[in-house]
Visitor: 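Have a look at this one.
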2 protein chains.
Amino acid sequence: MAAWVRFVAVLELLPGVLDSQLRRDSGVTHFEYFVMAVLSETPGGAMRMTELAGATNATPSRLSHVVARLEERGYVERSPCPENGRATNARLTEGGRAKMRAAAPGHTAAVRRHVIDVLSPEQVTQLAAISDAILGSVAPAGPMAEGYRRYDGPAGESS
Amino acid sequence: MAAWVRFVAVLELLPGVLDSQLRRDSGVTHFEYFVMAVLSETPGGAMRMTELAGATNATPSRLSHVVARLEERGYVERSPCPENGRATNARLTEGGRAKMRAAAPGHTAAVRRHVIDVLSPEQVTQLAAISDAILGSVAPAGPMAEGYRRYDGPAGESS
DNA sequence: CCGCGACAGTTGAAGCGACAACTTGATTCA
DNA sequence: TGAATCAAGTTGTCGCTTCAACTGTCGCGG
């Protein structure tokens with residue numbers, strides 16, 4: 001029970017801290033940053049909306065709103081998929097890539113300072129296993145099933 | 001960084017799952033439930049707003065809005081503090097207590113199903129320690145007291 | 001006694017996310 | 001072929017959180 005109360009506090013506070021840092025320093029939310037980070041790591045530079053929604057653990061609706069805002073600011077471009085008339089491809093623009101380059105150092109520093117650096121290497125490993133276990137019970141019941149699994153294999157370079 | 005990506009997914013998905021369960025089964029949000037839970041555990045049954053904000057990791061503004069909604073629904077009552085004219089005491093009503101009794105079983109079951117039961121006892125202990133460490137860097141003045149700050153500026157080294 | 005700053009809490013506007021309804025393109029099958 | 005069905009996204013609305021500004025109170029120095 002004590003563990004749960006502390007964990008709830010983390011769930012409540014940490015997103016706000018990360019959001020604040022990115023918004024203050026770079027004018028983007030953490031989720032916007034994460035969306036652009038995922039896009040910046042795709043080989044082709046473009047990704048279909050549903051796939052992007054799965055990779056970012058977002059509902060299609062949320063992703064649509066966010067990408068619309070990012071497009072308005074010139075960080076992302078949307079274009080209808082040639083092969084699939086109902087699909088849409090999202091692609092990071094050069095401006096979006098520049099925004100990422102500018103925002104990444106501050107964000108990674110914040111993540112390290114608030115999470116990674118305060119944990120021992122074993123605790124980081126433990127956190128990965130714990131997160132995995134929780135995701136296993138939460139993701140199937142959540143809005144996005146199986147989406148997080150695309151991060152199972154390789155160790156990504158995001159954030 | 002693989003650990004971080006998984007943890008971000010948990011931060012993104014878990015609150016939504018808990019919120020959904022409580023909202024669907026009991027018509028309250030997770031934060032509303034948490035506020036009432038803290039109130040229900042106070043010896044006197046009442047608590048100052050600032051103290052309650054600290055205990056629930058919320059900003060004064062957020063707590064004010066939430067308590068106003070809870071008061072409208074008859075779950076909480078506010079009364080000016082006799083000793084301190086500028087302070088306000090929040091107290092759980094009998095209706096609020098009944099709401100808690102009705103909502104608690106489903107919520108604790110959800111917490112167990114999605115978090116506690118999928119972790120080993122050692123992992124629960126590890127999660128408590130990890131949460132504690134993160135809280136230490138995220139809420140420098142401590143979440144149970146005032147002095148809660150959202151972001152205290154860049155202090156780390158950029159890589 | 002009065003003014004000034006800090007404290008406790010509230011309020012209103014703006015932004016973001018959830019939910020549901022909708023549009024449009026693909027698929028299935030008789 | 002053509003209607004029923006499903007999939008991919010989008011949109012509109014509503015509720016919650018945040019931010020800044022505000023009201024009222026306490027404490028203190030002059």
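What you see is a predicted model; the values in this text were computed from it and never measured. Per chain, numbering begins at 1; letters A, B, ... match sequence-line order.
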Visitor: Do Leu22(A) and Thr29(A) make a side-chain contact, defined as non-hydrogen atoms from C-beta onward lying under 4.5 Å apart?
Guide: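 No, every pair of side-chain atoms sits at 4.5 Å or beyond.
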Visitor: Report the distance from atom CE of Met47(A) to atom P of dG9(D), rounded to the nearest whole Å.
Guide: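 The answer, rounded to whole Å, is 12 Å.
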Visitor: Does Ser40(A) use its side chain to pair, donor to acceptor, with the backbone of Ala37(A) at less than 3.5 Å?
Guide: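 Confirmed, Ser40(A) side chain pairs with Ala37(A) backbone.
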Visitor: Specify the separation, in whole Å, of atom CZ of Arg48(A) and atom P of dA7(D).
Guide: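 In whole Å, dA7(D) P and Arg48(A) CZ are 13 Å from each other.
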Visitor: Could you state the NE2-P distance from His30(A) to dC16(C), rounded to the nearest angstrom?
Guide: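 My rounded result for the distance is 16 Å.
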Visitor: Are any non-hydrogen side-chain atoms of Phe7(A) and Val111(B) less than 4.5 angstrom apart?
Guide: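 SC-SC contact between Phe7(A) and Val111(B) ruled out.
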Visitor: Any chance CZ of Arg73(A) has more than 12 other-residue heavy atoms, nucleotides or ligands included, within less than 6.0 Å?
Guide: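 Yes - once you tally the heavy atoms of other residues, nucleotides and ligands closer than 6.0 Å, there are more than 12.
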Visitor: Would one find a side-chain N or O of Arg69(B) under 4.0 angstrom from OP1 or OP2 of dG15(D)?
Guide: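 No, Arg69(B) has no side-chain N/O under 4.0 Å of OP1/OP2 on dG15(D).
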Visitor: Please state whether the phosphate of dC16(D), meaning OP1 or OP2, lies under 4.0 angstrom from any side-chain nitrogen or oxygen of Arg62(B).
Guide: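 No.
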Visitor: Starting from P on dA20(C), measure out to CZ on Arg24(B) and report it in whole angstrom.
Guide: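 Rounded to the whole Å, the gap is 12 Å.
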Visitor: Would you mind classifying the nucleic acid contact of Arg23(B) as base, sugar-phosphate or nothing, using non-hydrogen atoms under 4.0 angstrom?
Guide: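 Sugar-phosphate contact only - Arg23(B) comes under 4.0 Å of backbone atoms but never of a base.
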Visitor: In whole angstrom, what separates Leu52(A)'s CG from dT10(D)'s C1'?
Guide: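 Taking CG of Leu52(A) and C1' of dT10(D), I get 15 Å after rounding.
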Visitor: To the side chain of Phe31(B), which of dT17(D), dT10(C), dC16(D) is closest?
Guide: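 Shortest atom-to-atom distance from the side chain points to dT17(D).
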Visitor: Strictly below 4.0 Å, heavy-atom distances to any atom of DNA chain C: list the hits from residues 70-88 of chain A, or just say none.
Guide: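 Per residue number, the list reads Asn84(A), Gly85(A), Arg86(A).
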Visitor: Any donor-acceptor pair under 3.5 Å linking the side chain of Thr93(B) with the backbone of Gly74(B)?
Guide: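 Pair found, side chain donor or acceptor close to backbone of Gly74(B).
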Visitor: Quick one: Leu63(A) CG to dT11(D) P, roughly how many Å, whole number?
Guide: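 Taking atom P of dT11(D) as the reference, CG of Leu63(A) is at 13 Å.
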Visitor: Hey, is the side chain of His65(A) pairing donor to acceptor with the base of dG9(D) inside 3.5 Å?
Guide: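 A donor-acceptor contact between them is absent.
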Visitor: Considering just the side-chain nitrogens and oxygens of Thr59(A), establish if one lies under 4.0 Å of OP1 or OP2 belonging to dA18(C).
Guide: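 Checking Thr59(A) against dA18(C): at least one side-chain N or O falls below 4.0 Å of OP1 or OP2.
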Visitor: Between P on dT25(D) and CG on Asn89(B), what's the gap in Å once rounded to a whole number?
Guide: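 About 16 Å, once rounded to whole Å.
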Visitor: Can you tell me which residue pairs pass the ring pair (Phe, Tyr, Trp, His ring centres under 6.0 Å) test with a partner in residues 15-36 of chain B, sequence neighbours excluded?
Guide: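 Applying ring pair (Phe, Tyr, Trp, His ring centres under 6.0 Å) to every pair that reaches into residues 15-36 of chain B, excluding sequence neighbours, yields His30(B)-His107(B), Tyr33(B)-His107(B).
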Visitor: Please set out all donor-acceptor pairs under 3.5 angstrom arising from side-chain atoms of residues 95-105 of chain A, sequence neighbours excluded.
Guide:
| from | atom 1 | to | atom 2 | distance (Å) |
| --- | --- | --- | --- | --- |
| Lys99(A) | NZ | Ser26(A) | O | 2.8 |
| Arg101(A) | NH2 | Glu94(A) | OE2 | 3.3 |

Visitor: Ignoring hydrogens and angles, are the base of dT10(D) and the side chain of Ser61(A) linked by a donor-acceptor pair under 3.5 Å?
Guide: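 Check fails, no donor-acceptor contact within cut-off.
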Visitor: When you measure only distances, ignoring hydrogens and angles, does the side chain of Ser64(B) come within 3.5 Å of the base of dT11(C) through a donor and an acceptor?
Guide: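 When only heavy-atom distances are counted, Ser64(B) does not reach the base of dT11(C) through any donor-acceptor pair under 3.5 Å.
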